[in-house]
Peer 1: 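Before anything else, here's the structure in question.
Bear in mind the structure is a predicted one, so any value in this text is a computation, not a measurement.
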2 protein chains.
Amino acid sequence: MRLSTRGHYGLLAMFDLAEHYGAGPIPLKMVAERQNISDNYLEQLIAVLRKAGLVRSVRGSQGGYILAREPGSITVGEIIRAMEGPIAPVECVSEVEPTECDQADSCITRLVWTRVRDKLVEVMDSISLGDMLRDAERLSVSRKA
Amino acid sequence: MRLSTRGHYGLLAMFDLAEHYGAGPIPLKMVAERQNISDNYLEQLIAVLRKAGLVRSVRGSQGGYILAREPGSITVGEIIRAMEGPIAPVECVSEVEPTECDQADSCITRLVWTRVRDKLVEVMDSISLGDMLRDAERLSVSRKA
DNA sequence: AAATATCTTAGCATTCCGCTCGGATTTTGT
DNA sequence: ACAAAATCCGAGCGGAATGCTAAGATATTT
């Protein structure tokens, strides 16, 4: 029941961009350094996020990456789907195009996995990068106190 | 965000044993046949469930496997933990012995994964094999109607 | 033209997955 | 005693995915 590092790193990178939202394009090297990820590897991962329409890129000197939308409108669920594909504990309850097995209609375990999937979707889609920024704010305030 | 077939098959096998609970030891070949799993492979998987104390085995002719406890007291969460290890979307929020990263206390994504983990645990620990038997009963009744 | 970035593709070592297979051991029934 | 039916145990293995590294092509700014 693990995420690969793709989803893990993807969210880290997106949150980093959210923290610098409004400051123009952020070079990937900065993100990689701050989040402690190989920048060569992150380059490949951010390409996926770009193709999914979650970030915009600016090429050339002074270039970098910017969130495609404001942090409040980008959810963890979107990011994870982009990085790891449809959310589903097992293939037969995938959000899109589940490959049905022959006893799908009498399969009780399928009901279980559907409930698990629904909970996953519910929590991931309910958290936005904006929410995470607020959490960070609260956390840093309580730290200073 | 996928389970391996280990967890998938593990639950199928345990549910099969639950359906025949009280009928004495069930040979693994029967389970494998009904659930359409390679019996050689299932043999390895059931060994894990046995070592976790979820099933008892009876060797020799007329032998087989029996749930170690009644279906109502065995949860999906227990089975998945046995087959796949501690429930956690990322390692740093593992239920047991999380390997902390150096910025663990200021990591916002960690808060997200903790919430995801908690939801997973909540739903998996709330469903027992007994619950699944009731679901199967309801489903077969509504099918006949 | 130089510097700074993104973009794209190839490759690669390691690990995990999902098995197969062979045989040892235990128990029951004839 | 013997055969049959089962669990037990470990070795091995092909294929796929993971998590990178590396090298260069392209675009943009200064």
Peer 1: Would you tell me if any nitrogen or oxygen in the side chain of A:Tyr9 comes within less than 4.0 Å of OP1 or OP2 on D:dC20?
Peer 2: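 For D:dC20, OP1/OP2 do have a side-chain N/O of A:Tyr9 under 4.0 Å.
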Peer 1: Can you tell me how far C1' of D:dA27 sits from CD of A:Glu43, to the nearest Å?
Peer 2: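 Distance, rounded to whole Å: 14 Å.
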Peer 1: Hey, which sits more toward the 5' end of DNA chain C by its nearest nucleotide, B:Ser61 or B:Glu84?
Peer 2: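 Checking each residue's closest nucleotide, the 5'-ward one belongs to B:Glu84.
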Peer 1: Using a 4.0 Å heavy-atom cut-off, does B:Leu28 contact any base of the nucleic acid, only the sugar-phosphate backbone, or nothing at all?
Peer 2: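 Answer is sugar-phosphate: B:Leu28 comes under 4.0 Å of backbone atoms only.
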Peer 1: I'd like to know if A:Arg134 and A:Asp131 make a salt bridge, using a cut-off of under 4.0 Å between side-chain N and carboxylate O.
Peer 2: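 Judged by the 4.0 Å cut-off on N to carboxylate O distance, A:Arg134 and A:Asp131 do form a salt bridge.
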Peer 1: Over all strands shown, is A:Arg50 touching base, sugar-phosphate only, or nothing at heavy-atom distances under 4.0 angstrom?
Peer 2: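 Contact class for A:Arg50: sugar-phosphate only.
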Peer 1: Which pairs would a plain distance check flag for residues 62-70 of chain A, meaning a side-chain donor or acceptor within less than 3.5 Å of a matching protein atom at least two apart in sequence or in another chain?
Peer 2:
residue: A:Arg69; atom: NH1; partner: A:Ser73; partner atom: O; Å: 2.8
residue: A:Arg69; atom: NH2; partner: A:Glu78; partner atom: OE2; Å: 2.7

Peer 1: Could you tell me whether the side chain of B:Arg117 and the main chain of B:Val93 form a donor-acceptor pair under 3.5 Å?
Peer 2: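 Checked: pair present.
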Peer 1: For B:Glu91 and D:dG19, what is the distance between atoms CD and C1' respectively, to the nearest whole Å?
Peer 2: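 Value for this atom pair: 16 Å.
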Peer 1: In this structure, how many angstroms lie between the C1' atom of D:dC20 and the CD atom of A:Gln44, rounded?
Peer 2: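 My rounded result for the distance is 8 Å.
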Peer 1: Taking for each residue the nucleotide of DNA chain D bearing the nearest heavy atom, is the 5' side occupied by A:Val58 or by A:Thr5?
Peer 2: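 Its nearest nucleotide lies further toward 5', so the answer is A:Thr5.
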Peer 1: For the pair A:Arg50 (side chain) and A:Ser57 (backbone), establish whether a donor and an acceptor sit closer than 3.5 Å, ignoring hydrogens and angles.
Peer 2: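 Between the backbone of A:Ser57 and the side chain of A:Arg50 there is no qualifying donor-acceptor contact (under 3.5 Å).
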Peer 1: Just to be sure I understand the geometry, which residues of residues 32-42 of chain A put a non-hydrogen atom under 4.0 Å away from DNA chain D?
Peer 2: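 Output list: A:Ser38, A:Asn40, A:Tyr41.
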Peer 1: Looking at A:Asp105 and B:Arg143, is any side-chain nitrogen of the basic one under 4.0 Å from a carboxylate oxygen of the acidic one?
Peer 2: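 Salt bridge flag = yes for A:Asp105 with B:Arg143.
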Peer 1: Report yes or no: does B:His20 contribute a side-chain atom to a donor-acceptor pair with the main-chain N or O of B:Asp16 at less than 3.5 Å?
Peer 2: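 Side chain of B:His20 to backbone of B:Asp16, a donor-acceptor pair under 3.5 Å: yes, one is there.
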Peer 1: Rounded to the nearest angstrom, tell me the gap between atom CE in A:Met83 and atom P in D:dA17.
Peer 2: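 These atoms are roughly 16 Å apart.
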Peer 1: Below 4.0 Å from chain A heavy atoms, what is the first contacting nucleotide of DNA chain C and what is the last?
Peer 2: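 First-to-last contact on DNA chain C, by the 4.0 Å heavy-atom rule, is C:dT4 to C:dA10.
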Peer 1: Find the distance B:Arg56:CZ to D:dC8:C1' and express it as a whole number of Å.
Peer 2: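 Nearest whole value for this atom pair: 17 Å.
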Peer 1: Tell me, do B:Pro89 and A:Met1 make a side-chain contact under 4.5 Å, heavy atoms counted?
Peer 2: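 Answer no - side chains too far apart.
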Peer 1: Nearest of D:dC8, D:dA27, D:dG19 to any side-chain atom of A:Arg6?
Peer 2: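 When the side chain of A:Arg6 is considered, D:dG19 is the closest of D:dC8, D:dA27, D:dG19.
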Peer 1: Counting C-beta onward and ignoring hydrogens, is there a side-chain heavy-atom pair between A:Leu111 and B:Leu139 closer than 4.5 Å?
Peer 2: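 The answer is yes, as the side chains (C-beta and beyond) meet within the 4.5 Å cut-off.
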Peer 1: Between atom CD1 in A:Ile46 and atom P in D:dG19, what is the gap in whole Å?
Peer 2: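 Distance check: A:Ile46 CD1 to D:dG19 P gives 17 Å.
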Peer 1: Is B:Arg81 paired with B:Glu95 through a side-chain N to carboxylate O contact shorter than 4.0 Å?
Peer 2: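 Here B:Glu95 pairs with B:Arg81 in a salt bridge, since their nearest N and O are under 4.0 Å apart.
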Peer 1: What nucleotide among D:dT29, D:dC8, D:dA27 has an atom nearest to a side-chain atom of B:Arg59?
Peer 2: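 Between D:dT29, D:dC8, D:dA27, the one nearest the side chain of B:Arg59 would be D:dC8.
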